[in-house]
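Heads up, the thing below is written out as structure tokens.
Excluded from the calculations below are hydrogen atoms, water molecules and symmetry mates; all remaining heavy atoms, backbone and side chain alike, are included. Labels below follow one simple rule: chain letters A, B, ... track the order of the sequence lines, proteins then strands, and each chain is numbered from 1.
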2 protein chains.
Amino acid sequence: MSVRDTEHVAIPLVCEGCAARHDGICSALTPVELLALASHTRHTRHDAGEALALESSEITGYANVTGGVVKLSRVLQDGRQQLVGLQFAPDLMGRLYGRENLLTAEAASDVELCRIPKAIFEALVASSSALKLRLLNQSLQDLDEARDWMVTLGRKTASEKVASVLLLIAQRSARGNKRVTFELPLGRADMADFLGLTIETVSRQISKLRHEGIVVVTNHRHIEVPDIEALRRRAG
Amino acid sequence: MSVRDTEHVAIPLVCEGCAARHDGICSALTPVELLALASHTRHTRHDAGEALALESSEITGYANVTGGVVKLSRVLQDGRQQLVGLQFAPDLMGRLYGRENLLTAEAASDVELCRIPKAIFEALVASSSALKLRLLNQSLQDLDEARDWMVTLGRKTASEKVASVLLLIAQRSARGNKRVTFELPLGRADMADFLGLTIETVSRQISKLRHEGIVVVTNHRHIEVPDIEALRRRAG
DNA sequence: CGTGAGATTGATTGGGATCAAGGATAGTGG
DNA sequence: CCACTATCCTTGATCCCAATCAATCTCACG
């Protein structure tokens with residue numbers, strides 16, 4: 001089989017135009033591998049608020065987030081909750097090699113998933129060095145982000161914390177421009193759980209940023225940031 | 001070459017009895033790979049408090065922690081500091097494929113390292129699927145731990161936080177027994193930076209745990225936990 | 001024994017939580 | 001199209017946990 005021959009294997013139809021194929025996990029796969037994988041995947045849609053995986057439940061498979069935003073959280077026995085991460089397309093969901101979920105995954109917005117059975121995906125990982133490397137890089141980056149957030153949680157003031165989430169979401173939503181407009185995938189309660197604050201404090205700090213002209217808020221969820229650098233300075 | 005023949009390759013002398021060879025990164029290597037690697041490693045000793053890597057400095061290599069405890073931290077511009085992790089033997093230090101350090105690494109206790117040049121180690125990773133897998137599992141576990149700690153930082157009270165560090169260190173120091181005795185690798189200032197608290201609050205909470213009989217403190221650094229389950233309950 | 005860094009304890013302050021009303025918004029059914 | 005309603009958000013008043021300020025105390029080390 002010549003090198004050119006691999007180009008004659010058609011990309012699965014469902015994968016055309018999928019974010020995961022270009023920037024996600026699937027970009028590490030050859031057309032042949034992608035074709036084999038596609039025959040085992042199942043696409044699902046989920047409304048905002050729907051639980052996608054429950055803490056302590058058995059892991060039945062993995063899933064690429066192909067649209068929307070997923071929030072990952074842990075809860076203490078008495079109900080205190082902490083969001084520990086957000087997943088945007090084309091992130092892969094599911095703790096590799098895990099037996100049970102350590103986290104709850106919930107749709108923050110309407111979400112589209114491309115689900116892959118556990119055994120199929122793990123076999124693919126075992127056989128593909130490129131995929132292993134891709135997953136390794138992904139988890140190292142997630143670790144960097146988790147550690148960054150530890151600084152936010154442990155050492156920033158309420159005001160800096162709120163600026164930090166807005167900045168995080170703004171950066172995911174638009175690139176490069178000084179002025180940024182976006183729709184918040186999180187309500188005030190989720191922001192509070194992400195920041196280790198209460199709803200009231202989040203609301204007050206957003207109001208403060210609004211009065212100071214750092215952000216323009218329309219309809220609670222819609223945010224405009226006239227000067228992203230000004231916001232960055234507020235994030236500490 | 002028969003299977004038995006690989007056993008005729010001698011394990012490098014320096015690797016005999018090394019923690020990394022049994023439980024660490026090196027356990028994923030064949031004797032041949034280990035031998036090749038050993039010729040490039042350099043063993044170093046460091047006193048408590050010594051900086052091992054500086055935030056924003058160039059990454060020049062990786063290192064196995066072969067003895068002692070290393071603390072990883074980030075600082076904000078104004079000096080506020082947050083510890084984001086501890087590394088015990090036989091953890092691997094250094095952000096794989098990183099160009100500059102995102103964290104400062106400092107010896108918490110006296111530390112022994114087995115240093116490996118960046119290029120040598122990366123070539124080894126590229127060639128060994130078993131090593132890739134091992135590193136992937138390590139970083140996934142670090143991510144789980146970072147997320148656990150996010151819950152501690154974001155949602156626990158000062159009292160629960162202090163119980164949480166003590167529990168973390170107790171679990172690393174001794175296994176299985178109900179009664180545990182250990183030496184703290186961190187002073188009060190480091191504990192405060194790990195927990196997002198002040199020295200005074202850490203000290204007060206330790207005193208409270210002492211008065212309640214949850215811990216016995218001798219010489220500030222030496223801790224006894226009569227009933228590890230009682231401590232676990234305090235950690236939330 | 002003296003010294004200095006680290007730890008403890010006490011007094012006071014303050015930032016964010018809690019308690020408590022209202023105000024906006026999106027969805028629903030008339 | 002417009003109440004009606006439930007949910008989410010905002011704002012205000014008060015409280016409390018942990019920070020800050022300040023004074024010893026302990027202990028390792030010369």
[X]/[Y] ion pair, N-O < 4.0 Å:
X	Y	answer
B/Lys71	B/Asp190	yes
A/Arg45	A/Asp110	no
B/Arg99	B/Glu58	no
B/Asp148	A/Arg74	yes

Below 4.0 Å: OP1/OP2 of [N] and any side-chain N or O of [X]:
X	N	answer
A/Ser203	D/dC9	no
A/Thr198	C/dA17	yes
A/Ser207	D/dT11	yes
B/Arg188	C/dT8	yes
B/Arg210	C/dT9	yes

Between the axis at one end of the helix from C/dC1-D/dG30 to C/dG30-D/dC1 and the axis at the other (five pairs apiece), what's the angle to 10 degrees?
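The two end axes of the helix from C/dC1-D/dG30 to C/dG30-D/dC1 meet at 40°.
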
Distance criterion of 3.5 Å, no angle test: do you see the side chain of B/Arg221 paired donor-to-acceptor with the base of C/dG6?
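In this structure, the two groups form no donor-acceptor pair.
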
Using a heavy-atom cut-off of under 4.0 Å over every strand shown, decide if A/Gly49 touches base, sugar-phosphate, or nothing.
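No contact at all - A/Gly49 keeps every heavy atom at 4.0 Å or more from the nucleic acid.
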
For DNA chain D, determine which residues of residues 149-173 of chain A have any heavy atom closer than 4.0 angstrom to one of its atoms, and list them numerically.
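Nucleic-acid contacts, sorted: none.
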
Decide if atom CZ of A/Arg42 counts as having more than 12 heavy atoms of other residues, nucleotides or ligands within a radius under 6.0 Å.
no

